[in-house]
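Here the structure is laid out as structure tokens; the discussion comes afterwards.
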2 protein chains.
Amino acid sequence: MIYGHQIRSALMSMSDISNTEGIPLYVKIRESLRQQIASGELERGQKLPSEDELATKFGVSRMTVRQGTSDLIDDGLLYRRHGVGTFVTLPHIERDHSRLTNFFENSNMHGIHAKASILEFEVIHATPKIAQALLLELDEFVIHIKTLRQADDVMVTLHDAYIPHRLFSEVIQEELPDFDVQHLWSKFEKKGYPVKQAVQKIEARLADQELAKVMHIQAGAPILFKERTVYAEDGTPVEFTYCFNRGDMYSLTVTLNR
Amino acid sequence: MIYGHQIRSALMSMSDISNTEGIPLYVKIRESLRQQIASGELERGQKLPSEDELATKFGVSRMTVRQGTSDLIDDGLLYRRHGVGTFVTLPHIERDHSRLTNFFENSNMHGIHAKASILEFEVIHATPKIAQALLLELDEFVIHIKTLRQADDVMVTLHDAYIPHRLFSEVIQEELPDFDVQHLWSKFEKKGYPVKQAVQKIEARLADQELAKVMHIQAGAPILFKERTVYAEDGTPVEFTYCFNRGDMYSLTVTLNR
DNA sequence: GAGTGGTCTAGACCACCCG
DNA sequence: GGGTGGTCTAGACCACTCG
């Protein structure tokens, strides 16, 4: 996981996995296999060599091979059948759609120019709903950041974020007045709360007068509404958001596993 | 994974993991820990004993302990910090919301009475869109099943499913005329295509006249629209659906991981 | 430096699938 | 019966964190 991006798409032949650098063997094996699948050298639906063969070929123990292939199974690129073998999945549905990204990362991934303008920035008392989501007392403060977000200069989202004041006031206020919403999550990480997971509820709604005015759409237009709680590695909730997306400009794709 | 449901919630003390039954040791360890977390014996945020200690306590090797705890990390119940320890996550956001379920399983889980009535059942040529999703030729046949679905006697969803005729015609037609839509996925499994994953696109739309009439709602009412492709273990697409959900009656919750 | 998780080995036996 | 993945061992050394 840690090393994934470093050598993703690195070119390596099956036999060359000398541990010259500080990269774990199972990561090299994993990326070697990933590259062979991407290049078509290993065809979709094809059976891999057995774990024993791979171990011999890579010059490692079988457990190390399994550690590499297990990652690719999690990624949806391989699957195992007990007593039969390990296979490459067909149109290999990668797990990217179930990865947590923020608006800006997601836009960049798709070559879209994303922009956010801050409409409100205030410190308020948590509402019951927000306090519950963020595990705060009712009288605790939260930082409220309301932004309007554009993709390729089209307004697509009105975003209300609420952040525990107790945890992040310093790291956020030290950047004022030119606060950079794009890298909010890195502020969380800086305080020891790396973002790990989000739970989001999705609904279809209609735009009311107020929302319509702000987003320059018709009242009654379809809105994809999202309510999201973001959690850090240890399970601490770090952000709660209401998110109003233009129905005609925005769709959401997710991958679910059984 | 295979054994999970069998002994989930089984009561086991930390020291009692004799391999009397055919249950793998790492599953027993995993479920023992899971149970200790659920019961509060292991508090949230608390540090687990080290892997060496657990190995000694359970009388297994360290690798076996890791195999058990790794599963719980995937489930979001634990997290590791290199050089520090393994910890219980706080409000432990379990992964249930990112699990693929069908309408009926999902309803049962929440104690809702679900019902489906079949509106259409036909064999047609695949449209370009459907052929692309199901990896079929344009002239290939698909089975189209249109159903209206109720939760606690309220109409919530209009569901259009398309299934490759070539793969599943026998197993579906042998049940006619009383076809049981609830267990469609078990038919796929019977033919060697266990359902593994789904990719779904979610949009907010408005009900048009036709949809409004069928679902007994107003034209212009909000609709949560879902387009979903379901894949088997080996990556074969087995089902493509259009899904129109009443916006005021239906919401979707998903978990995303970073 | 002590304690922890991260990686890795070189075997072993079992359970499953298929011809 | 032969080949495969599933489980498991009893060690080893490294990398990281913290006091």
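Residue numbering restarts at 1 for every chain, and letters A, B, ... go by the order of the sequence lines. This is a predicted model, so every value here is computed, not measured. These values consider heavy atoms only, across backbone and side chains, with no hydrogens, waters or symmetry-generated copies.
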With sequence neighbours left out, the residues meeting ring pair (Phe, Tyr, Trp, His ring centres under 6.0 Å) with B:Phe103 are none
Hits for salt bridge (Lys or Arg N to Asp or Glu O under 4.0 Å) against A:Arg228, two or more places apart or cross-chain, chain-then-number order -> none
Contacts of B:Phe104 meeting ring pair (Phe, Tyr, Trp, His ring centres under 6.0 Å) (sequence neighbours excluded), chain-then-number -> none
From CG of A:Asp71 across to P of C:dC8 the rounded distance in Å is 11 Å
Open item on the list: I want to check something: taking the side chain as every heavy atom from C-beta on, are A:Gln182 and A:Glu105 in contact at a cut-off of under 4.5 Å?
Closed with: no
Sorted by chain and residue number, the side chain to side chain donor-acceptor pair (under 3.5 Å) partners of B:Asp139 (sequence neighbours excluded) come out as none
B:Glu51 atom CD is separated from C:dG6 atom P, nearest whole Å, by 6 Å
Separation of C:dG6 atom P from B:Ile73 atom CD1, nearest Å, is 7 Å
In whole angstroms, the gap separating P of D:dT7 from CD1 of B:Ile29 amounts to 12 Å
Checklist line | Student check: side-chain heavy atoms of B:Leu78 and B:Thr89 closer than 4.5 Å | finding: no
A:Glu53 meets the salt bridge (Lys or Arg N to Asp or Glu O under 4.0 Å) criterion, sequence neighbours left out, with none
Expected rows: protein N/O vs nucleotides 9-13 of chain C N/O, under 3.5 Å:
| residue | atom | partner | partner atom | Å |
| --- | --- | --- | --- | --- |
| C:dT9 | OP2 | A:Ser61 | N | 2.8 |
| C:dT9 | OP2 | A:Ser61 | OG | 3.1 |
| C:dT9 | OP2 | A:Thr64 | OG1 | 2.5 |
| C:dA12 | N6 | A:Arg62 | NH1 | 3.3 |

Sorted by chain and number, sequence neighbours left out, salt bridge (Lys or Arg N to Asp or Glu O under 4.0 Å) with B:Glu170 holds for B:Lys191
Expected list for residues 77-86 of chain A near DNA chain D, using heavy atoms below 4.0 Å, is A:Arg80, A:Arg81, A:His82, A:Gly83, A:Val84, A:Gly85, A:Thr86
B:Glu53 atom CD is separated from C:dA2 atom C1', nearest whole Å, by 13 Å
To the nearest angstrom, the CG-P distance between B:Asp52 and C:dG3 comes to 11 Å
In whole angstroms, the gap separating P of C:dT7 from CD of B:Gln67 amounts to 15 Å
The salt bridge (Lys or Arg N to Asp or Glu O under 4.0 Å) partners of A:Lys201 (sequence neighbours excluded) come to A:Glu203
From CD of B:Glu233 across to P of D:dG5 the rounded distance in Å is 13 Å
